[in-house]
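Start at 1 with the first residue, then count along the sequence.
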Amino acid sequence: MNRKIIGILGLVGLVLTGCAAPEVETEQTMMGSYSSDEIMQDNGRKIEKHFQNEGEDGVLDINAVVDIPDISLKEGVIQSKEWDISMLENVLCPGTDMILEQNSQSDYTRYIGGAAYNDLDYDIYFEISKLDNLLTYCNYKLDDYFVNEEFELVKETEWTESEQNFVKKMEENSLDLYSKLGIEAEVANTDLTVSNEKQYCSVKMLRTLDGCSWLDAGGEPVCDTIQIAEPGINVLSVAEQYTTKDVKEASVLSIDEIMQIIDDGVKNGNIHTYIMEEKGFDYTIQSIRMGYMTQIEDGAMHFFPVWYFQCKLGEKGITLLALDARNGAVIYMG
């Protein structure tokens, strides 16, 4: 049995450092031989399976549709990329002279600008974490607009046509911002908050590679958040940038081969089972997707495709299991 050390993809974003997540017992049982085109035949396929180790109460039930992005799945090395300060100034703070804050803390570098605000001598800033290269931006000038006790979250099913158009525009503005920052992402979901004549959106941006989700060490898709309205952006939190090298097409296992690995893993105790609806929580897997995760090999951070399996907590997907799509090794178990 092999152990693999999984690199953390992010706290709120990608963390391409030498940190490692808790070790997971893995078992490589076969090598993938299918191309991205070949596994696409299973996209949209309904999978219904019941896995259980004889004599045990726990089960692993699957009632899900397979969701495979129509892309060429890849593997390679991923590296952190330094932020271009001049570009950040032009994109985030146009028309504002930004200067390096002299008393920046040891764990971040901060650039400040604008007029005095409360007890600060600036009203806009962006900072870059020295730990994980996370970018944070804040415009205090818009606090009076965004900070309001009367703001209420509006359910999507209750959005008016005008509110739908507003959300669409804010999502388009968010995508445009990411394009200018040189970051690949797509809109995951958006919350709308309103108060009288004011309204703003909290846009969750899903980080992707060729349209395929990045997953963090906990098996969850990596997302950034933007608070945005007509006046502009109040708060922005963006995971680090990255570059890839030594990229090649990955050969992967089919979903039928993955099902066999899960069956064997449950029977030999290497894959968790669950007491269904324990404490009101339904552990039935309702989503099977392809994503990317990372691991440290030979001192470098490698990325590779994974099959990941999610149950539902309300409307939120919770990852219970992620398997290396190349060989079936268990990368994450919830």
Side-chain angles (χ1 to χ4, degrees), residues 3-24 26 36 69 71-92 104 106-111 126-137 177-186 205-225 236-252 290-306 308 322 324-327 329 331-332:
R3 286 181 180 269
K4 291 189 178 180
I5 300 177
I6 310 306
I8 296 177
L9 254 174
L11 300 176
V12 294
L14 302 175
V15 181
L16 305 180
T17 67
C19 299
E23 293 185 352
V24 174
T26 65
S36 302
I71 63 170
S72 175
L73 294 168
K74 301 170 183 174
E75 59 180 307
V77 175
I78 186 168
Q79 297 176 317
S80 180
K81 179 182 177 181
E82 293 299 317
W83 290 101
D84 182 333
I85 302 303
S86 178
M87 179 271 291
L88 293 177
E89 291 175 341
N90 291 332
V91 173
L92 298 177
S104 285
S106 59
D107 55 351
Y108 65 82
T109 301
R110 176 177 290 180
Y111 291 82
F126 64 83
E127 66 184 29
I128 301 167
S129 168
K130 295 179 181 178
L131 172 64
D132 54 19
N133 218 20
L134 174 73
L135 170 68
T136 303
Y137 164 86
L177 172 66
Y178 269 62
S179 176
K180 292 176 180 176
L181 291 173
I183 300 173
E184 182 183 325
E186 60 187 49
M205 300 294 290
L206 179 68
R207 298 294 289 271
T208 60
L209 175 63
D210 291 341
C212 195
S213 304
W214 285 106
L215 304 183
D216 64 20
E220 301 305 324
V222 175
C223 293
D224 304 325
T225 303
L236 168 68
S237 179
V238 183
E240 69 178 314
Q241 294 186 106
Y242 55 85
T243 58
T244 58
K245 69 174 186 177
D246 301 331
V247 178
K248 64 179 181 180
E249 186 171 345
S251 296
V252 298
M290 189 74 75
Y292 284 112
M293 292 185 78
T294 65
Q295 69 183 25
I296 301 171
E297 294 179 3
D298 301 323
M301 188 71 76
H302 290 253
F303 73 93
F304 55 92
V306 296
Y308 68 103
D324 190 328
R326 302 168 301 174
N327 54 44
I331 301 302
Y332 171 80

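Residues L181 and V91 meet the side-chain proximity criterion, which asks for heavy atoms closer than 4.5 Å. For the pair E249 and S36, the minimum side-chain heavy-atom distance is below 4.5 Å. Looking only at side-chain heavy atoms (C-beta outward), F126 and V238 stay at 4.5 Å or farther from each other. The shortest distance between side-chain heavy atoms of L88 and I128 falls below 4.5 Å. Using a 4.5 Å heavy-atom cutoff, the side chains of K130 and T109 are in contact.
With sequence neighbours excluded, the residues forming a side chain to side chain donor-acceptor pair (under 3.5 Å) with S129 are D132, listed by chain and number. With sequence neighbours left out, the salt bridge (charged side-chain N to carboxylate O under 4.0 Å, His left out) criterion links E127 to R110. With sequence neighbours left out, the ring pair (Phe, Tyr, Trp, His ring centres under 6.0 Å) criterion links F303 to W214, Y292. Checked against salt bridge (charged side-chain N to carboxylate O under 4.0 Å, His left out), D210 has the following partners two or more places apart in sequence or in another chain: K74. Among residues two or more places apart in sequence or in another chain, the side chain to side chain donor-acceptor pair (under 3.5 Å) test is passed with Y137 by none. Residues satisfying the salt bridge (charged side-chain N to carboxylate O under 4.0 Å, His left out) criterion with E89, sequence neighbours excluded, are absent altogether.
In terms of heavy atoms, C212 sits closest to I71 at CB-CD1, 3.4 Å. The minimum heavy-atom distance between P221 and Y308, with the atom names listed, is CG-OH, 4.3 Å. Summarising the geometry of R326 relative to Q295, their closest heavy-atom pair is NH2-NE2, 4.1 Å, with the distance given to 0.1 Å. In this structure, G218 and Y332 approach most closely via the heavy-atom pair O-CZ, 3.2 Å. Here the closest non-hydrogen pair linking V252 and P305 is CG1-CG, 3.9 Å. Residues L135 and W83 approach most closely at CB-CZ2, 3.7 Å, considering heavy atoms.
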side-chain contact (heavy atoms from CB on, under 4.5 Å) assessment of T225 paired with L236: CA-CA 6 Å; T225 303; L236 168 68; over 6 Å; no

Working for side-chain contact (heavy atoms from CB on, under 4.5 Å), residues D324 and I331: CA-CA 6 Å; D324 190 328; I331 301 302; 4.0 Å; yes

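To the nearest 0.5 Å, atoms CZ (R207) and OG (S213) are separated by 12.0 Å. In this structure, the separation between CD on Q241 and OG on S80 is 8.5 Å, given to the nearest 0.5 Å. A distance of 12.0 Å separates NZ in K81 from CD in Q79, rounded to the nearest 0.5 Å. Summarising the geometry, atom CD belonging to E186 is positioned 5.5 Å from atom OG1 belonging to T208; distances are rounded to the nearest 0.5 Å. The line from CE of M293 to CG of L215 is 5.5 Å long, rounded to the nearest 0.5 Å. Atom NZ of residue K248 and atom CG of residue L73 lie 14.0 Å apart, to the nearest 0.5 angstrom.
Not one N or O on the side chain of D246 forms a donor-acceptor pair closer than 3.5 Å with the backbone of V77.
In the model, Y242 has no side-chain atom that pairs as donor or acceptor with a side-chain atom of N133 under 3.5 Å.
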